[in-house]
**Student:** 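Once you've had a glance at the structure underneath, I'll fire off some questions.
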Amino acid sequence: MKIGLCGTMSVGKTTLVNALKEIPQFKDYAIATERSKYLNSLGIPLNHKTTIEGQTIFLAERVTELMQENVITDRTIIDVMAFTECATHTSYIDADAFIDYSRRFIYQYDYIFYISPEGIGIKDNGVRETDATYRKEIDESIQKLLLKHRPVYFTIKGSTEERIKQILKTINHKK
């Protein structure tokens, strides 16, 4: 089963993946969490300064995750598409072509869980963007892409424990 968490920065995706990996039901799952610090250390620009080359690396990582039989990841193809769309160092032509290419992979997820930033403050981890306006722009782009491309997704809210219950209820209901 391929489970992707989707949402703008600092909504608790990585925290949630790390909590899910402790649940026996997911003991045999590959776990893929935030690699922005590592990629940034290689000189790959992040956030609004990202480039089409940088986003290509992020896309390749997400596609590689989807090659796993069972995976839980704290980023999805939709996230990559949104960051590309909002990049100031990528032309509109390149961004549109990239998004058009990327969309073919979003339907490989069995479950996408969108996490709203509503009521969640931004935490500075030294890499992520802390500009609330940019965070909102990414969130709006994610929501727009979800509506446009219509993958099956579920919105989850609340504490980490509440989100875990929502995820388990959703995936166990479909079995």
Side-chain angles (χ1 to χ4, degrees), residues 1-23 25-39 46-47 50 54-87 98-118 120 125 127-128 135 137-175:
M1 186 180 326
K2 296 161 182 38
I3 301 170
L5 304 183
C6 175
T8 192
M9 64 283 278
S10 197
V11 294
K13 297 181 301 292
T14 304
T15 300
L16 184 53
V17 167
N18 287 329
L20 288 168
K21 75 180 180 184
E22 301 301 322
I23 297 173
Q25 180 173 343
F26 302 117
K27 69 178 174 57
D28 295 326
Y29 278 65
I31 303 297
T33 56
E34 170 78 74
R35 290 181 27 95
S36 295
K37 287 180 186 179
Y38 169 71
L39 295 174
L46 304 176
N47 303 314
T50 193
Q55 289 306 103
T56 300
I57 292 167
F58 280 100
L59 177 63
E61 285 194 329
R62 302 297 76 78
V63 172
T64 301
E65 293 163 2
L66 287 169
M67 295 171 74
Q68 304 294 315
E69 184 176 339
N70 292 307
V71 65
I72 302 173
T73 179
D74 67 353
R75 298 285 182 285
T76 67
I77 301 293
I78 292 285
D79 298 86
V80 176
M81 293 164 69
F83 276 91
T84 303
E85 184 174 77
C86 297
F98 181 87
I99 290 167
D100 187 53
Y101 175 73
S102 301
R103 70 185 169 88
R104 72 190 67 223
F105 301 106
I106 61 178
Y107 308 103
Q108 293 182 27
Y109 293 98
D110 295 300
Y111 295 95
I112 295 176
F113 291 95
Y114 163 74
I115 303 174
S116 168
E118 186 179 325
I120 302 170
N125 69 354
V127 176
R128 77 168 52 108
R135 181 188 195 213
E137 181 183 358
I138 294 293
D139 184 60
E140 289 171 351
S141 178
I142 288 170
Q143 290 184 57
K144 182 184 83 175
L145 289 162
L146 286 168
L147 289 174
K148 179 178 180 180
H149 297 290
R150 301 209 173 275
V152 175
Y153 74 95
F154 304 87
T155 300
I156 57 174
K157 297 180 180 179
S159 68
T160 299
E161 293 75 22
E162 291 168 326
R163 293 173 182 180
I164 288 170
K165 287 178 185 175
Q166 293 166 53
I167 289 170
L168 291 174
K169 181 178 178 183
T170 302
I171 65 175
N172 291 333
H173 176 72
K174 288 226 171 183
K175 284 185 174 180

**Student:** Answer whether the closest heavy-atom distance between the side chains of Met9 and Ile138 falls below 4.5 Å.
**Tutor:**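 Yes, at least one pair of side-chain atoms sits under 4.5 Å.
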**Student:** Indicate the atoms forming the closest heavy-atom contact of Cys6 with Lys13, along with that distance.
**Tutor:**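 Nearest heavy atoms, Cys6 then Lys13: C-CD, 3.8 Å.
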**Student:** So does Leu5 get a backbone contact from the side chain of Asp74, meaning a donor-acceptor N/O pair under 3.5 Å?
**Tutor:** no
**Student:** Is it the case that the side chain of Glu61 and the backbone of Ile57 share a donor-acceptor pair, with hydrogens and angles ignored and the cut-off at 3.5 Å?
**Tutor:**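 Such a contact is absent between Glu61 side chain and Ile57 backbone.
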**Student:** Check side chain to side chain contact (heavy atoms under 4.5 Å, CB included) between Glu69 and all other residues, then give those that pass, not counting sequence neighbours.
**Tutor:**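 Not a single residue meets the side chain to side chain contact (heavy atoms under 4.5 Å, CB included) criterion with Glu69.
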**Student:** Identify the heavy atoms of Thr155 and Gln166 that sit nearest to each other, and give their distance.
**Tutor:** O-OE1, 4.0 Å
**Student:** Roughly how far apart are Ile78 CD1 and Leu146 CG, rounded to 0.5 Å?
**Tutor:** 5.0 Å
**Student:** Report yes if the distance between the aromatic ring centroids of Tyr109 and Phe105 is under 6.0 Å, otherwise no.
**Tutor:**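 Here the rings of Phe105 and Tyr109 have centres that are no less than 6.0 Å from each other.
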**Student:** Any side-chain heavy-atom pair from Gln108 and Val63 closer than 4.5 angstrom?
**Tutor:** no
**Student:** I'd like to check Gln143 versus Asp139 (side-chain heavy atoms, cut-off strictly below 4.5 Å). Are they in contact?
**Tutor:** yes
**Student:** Could you report the tightest heavy-atom contact between Gln25 and Asn172, atom names first, then the distance?
**Tutor:** NE2-OD1, 3.0 Å
**Student:** Let me confirm one number: the CG-OG1 distance from Leu20 to Thr160, rounded to the nearest 0.5 Å.
**Tutor:**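 Separation between the atoms: 9.0 Å.
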**Student:** Tell me every residue that passes side chain to side chain contact (heavy atoms under 4.5 Å, CB included) with Glu65, counting only those two or more places apart in sequence or in another chain.
**Tutor:**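 In terms of side chain to side chain contact (heavy atoms under 4.5 Å, CB included), with neighbours along the sequence ignored, Glu65 is linked to Ala32, Arg62, Val71, Thr73.
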**Student:** Distance check, rounded to the nearest 0.5 Å: Ile77 atom CD1 versus Arg104 atom CZ?
**Tutor:**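 If I round to the nearest 0.5 Å, the distance is 11.0 Å.
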**Student:** Quick one: salt bridge (Lys or Arg N to Asp or Glu O under 4.0 Å) pairs with a partner in residues 143-153, sequence neighbours left out?
**Tutor:** Glu85-Lys144
**Student:** My understanding is that only residues two or more places apart in sequence, or in another chain, count here; which of them pass side chain to side chain contact (heavy atoms under 4.5 Å, CB included) with Ser116?
**Tutor:**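 Only Tyr114, Glu118, Lys157 meet the side chain to side chain contact (heavy atoms under 4.5 Å, CB included) criterion with Ser116.
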**Student:** Kindly indicate whether the side chain of Arg75, heavy atoms from C-beta on, has any atom under 4.5 Å from the side chain of Phe58.
**Tutor:** no
**Student:** Show the nearest heavy-atom pair for residues Gly158 and Arg163, with the distance to one decimal.
**Tutor:** O-NE, 3.0 Å
**Student:** Could you grab the distance from atom CD1 of Ile115 to atom OG of Ser10, nearest 0.5 Å is fine?
**Tutor:**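 Spacing of CD1 (Ile115) from OG (Ser10) equals 11.0 Å.
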**Student:** Just so I know, are the side chains of Ile99 and Leu145 near enough to count as touching, which here means a heavy-atom distance under 4.5 Å?
**Tutor:**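 Heavy-atom side-chain distance check passes, below 4.5 Å.
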**Student:** Could you list the residues that satisfy side chain to side chain donor-acceptor pair (under 3.5 Å) with Asp100, not counting sequence neighbours?
**Tutor:**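 Here the qualifying residues are Arg103.
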**Student:** Let me see the working for Phe113 and Leu16 under side chain to side chain contact (heavy atoms under 4.5 Å, CB included), right down to the final yes or no.
**Tutor:** CA-CA 11 Å; Phe113 291 95; Leu16 184 53; over 6 Å; no
**Student:** Between Gly7 and Ile142, what is the shortest heavy-atom contact and its length?
**Tutor:**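 That would be C-CD1, 3.4 Å.
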**Student:** Give me the ring orientation class for Tyr29 and Phe26: parallel if the planes are under 30° apart, tilted from 30 to 60°, perpendicular past 60°.
**Tutor:** perpendicular
**Student:** Check the side chains of Asp79 and Thr76 for a donor-acceptor pair under 3.5 angstrom, ignoring hydrogens and angles.
**Tutor:** yes
**Student:** Which pair of heavy atoms, one from Val11 and one from Ile120, lies closest together, and at what distance?
**Tutor:**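 Result for this residue pair: O-CD1, 3.7 Å.
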**Student:** Ile23 vs Leu168, test: side chain to side chain contact (heavy atoms under 4.5 Å, CB included). Steps then yes/no.
**Tutor:** CA-CA 10 Å; Ile23 297 173; Leu168 291 174; 4.3 Å; yes
**Student:** Could you list the residues that satisfy ring-ring contact (aromatic ring centres under 6.0 Å, His included) with Tyr153, not counting sequence neighbours?
**Tutor:**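 By the ring-ring contact (aromatic ring centres under 6.0 Å, His included) rule, Tyr153 matches no residue at all.
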**Student:** With side chains defined as the heavy atoms from C-beta onward, is the minimum distance between Ile167 and Tyr111 less than 4.5 Å?
**Tutor:**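 Heavy-atom side-chain distance check fails, nothing below 4.5 Å.
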**Student:** For the atom pair CD1 (Ile3) and CD1 (Ile171), what is the distance rounded to the nearest 0.5 Å?
**Tutor:**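 Atom-to-atom, Ile3:CD1 and Ile171:CD1 are 4.0 Å apart.
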